Novice: 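Please find one structure pasted underneath; my questions will follow.
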Amino acid sequence: QVSLVESAGGLVQVGDSLSLSCTASGGDQSSYSMAWFRQAPGKEREFVAAFRRGDGKTIYGDSVKGRFSITRDRVKKAAYLQMNGLKSEDTGVYYCAATTRNWILSAMGVKESYDHWGQGTQVTVSS
């Protein structure tokens, strides 16, 4: 059983940058595809970014393309989300997710593709 723990989010201003990390324990992180989702109050959980295990290919949600970047550190068993040019609509609870299943890239943007979830961390972008 893998456990995912996200780093603390925070309160930032529009245009700022913020980095989140997700550390996996209880499993071999290199065997997992990992992703970030977010959920704003009253809205569905939205896909943000993911990388696929093995080849490390990445995929991004349309709303964050060109601003956010997902990376992984196999040694530290961690996934990182670098968020630049933050907007007020980026506000929400950010969740880390992982799966051992080797999905095609298009399926990695679907929350049902993931088996393990972190508790979430709040990111608030203030104007």
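Keep in mind that what you see is a predicted model, and the values were worked out from it rather than measured.
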Novice: Treating R53 as the side-chain partner and T100 as the backbone partner, does any N or O pair qualify as donor plus acceptor under 3.5 Å?
Specialist: yes

Novice: What distance do T58 atom OG1 and R72 atom CZ have between them, rounded to the nearest 0.5 Å?
Specialist: 10.0 Å

Novice: For side-chain contact (heavy atoms from CB on, under 4.5 Å), just list the numbers for Y80 and I70, CA-CA rounded to whole Å, side-chain angles, deciding distance to a tenth of an Å, and then say yes or no.
Specialist: CA-CA 6 Å; Y80 301 93; I70 185 171; over 6 Å; no

Novice: Which heavy atom in S17 sits nearest to a heavy atom in N84, and how many Å separate them?
Specialist: OG-OD1, 2.9 Å

Novice: When you compare the side chain of M34 with that of F51, does any pair of heavy atoms fall below 4.5 Å?
Specialist: yes

Novice: Is there side-chain contact between R67 and D90, with at least one heavy-atom pair below 4.5 Å?
Specialist: yes

Novice: Determine yes or no for a side-chain-to-main-chain donor-acceptor pair under 3.5 angstrom, with E6 supplying the side chain and Q119 the backbone.
Specialist: yes

Novice: Would a 4.5 Å heavy-atom cut-off, applied to side chains only, mark L86 and V14 as touching?
Specialist: no

Novice: Would you list the pairs meeting ring-ring contact (aromatic ring centres under 6.0 Å, His included) in which at least one residue belongs to residues 105-127, sequence neighbours left out?
Specialist: Y32-H116, F37-Y114, F37-W117

Novice: Would you give the length of the straight line joining atom OG of S19 to atom CD of Q82, rounded to the nearest 0.5 angstrom?
Specialist: 4.5 Å

Novice: Any ion pair linking R52 and D55 (charged N to carboxylate O, less than 4.0 Å)?
Specialist: yes

Novice: For E44, does its backbone N or O pair with a side-chain atom of Q39 as donor and acceptor, under 3.5 Å?
Specialist: no

Novice: Give the minimum heavy-atom separation between A24 and L4, together with the two atoms involved.
Specialist: CB-CD2, 3.8 Å

Novice: Report yes or no: do V12 and V48 belong to one cluster of Ile/Leu/Val/Met/Phe/Trp/Tyr joined by side chain heavy-atom distances under 4.5 Å?
Specialist: yes

Novice: For the CG atom of L20 and the OG1 atom of T121, what is their distance to the nearest 0.5 Å?
Specialist: 6.0 Å

Novice: Are any side-chain N or O atoms of T91 and backbone N or O atoms of V125, one a donor and one an acceptor, separated by less than 3.5 Å?
Specialist: yes

Novice: Yes or no on side-chain contact (heavy atoms from CB on, under 4.5 Å) for S69 and Y60, after CA distance, side-chain angles and deciding distance?
Specialist: CA-CA 8 Å; S69 176; Y60 294 90; 3.8 Å; yes

Novice: Does Y95 have R38 sitting over its ring (NZ/CZ under 6.0 Å from centre, angle to axis within 45°)?
Specialist: no

Novice: Please report the interatomic distance CG(D62) to CD(E46), rounded to the nearest 0.5 Å.
Specialist: 9.5 Å

Novice: For the pair V110 and F47, evaluate side-chain contact (heavy atoms from CB on, under 4.5 Å) and give the outcome as yes or no after the intermediate values.
Specialist: CA-CA 7 Å; V110 179; F47 172 68; over 6 Å; no

Novice: At what distance, to the nearest 0.5 angstrom, does OG of S7 lie from OH of Y94?
Specialist: 12.5 Å

Novice: Using the rule given for side-chain contact (heavy atoms from CB on, under 4.5 Å), can you reason through W103 versus S33, listing the C-alpha separation, both sets of side-chain angles and the distance that settles it, and then say yes or no?
Specialist: CA-CA 9 Å; W103 297 106; S33 295; over 6 Å; no

Novice: Are L81 and M83 packed together at the side-chain level, in the sense that at least one heavy-atom pair is separated by less than 4.5 angstrom?
Specialist: yes

Novice: Return the NZ to OG1 distance between K111 and T99, rounded to the nearest 0.5 Å.
Specialist: 15.0 Å

Novice: Would you say the side chain of D115 lies within less than 4.5 Å of the side chain of R101, judging by non-hydrogen atoms?
Specialist: yes

Novice: Can you name the closest pair of heavy atoms from S113 and A107 and give their distance?
Specialist: OG-O, 2.7 Å

Novice: For residues L11 and S126, determine if any side-chain heavy atom of one lies less than 4.5 Å from a side-chain heavy atom of the other.
Specialist: yes

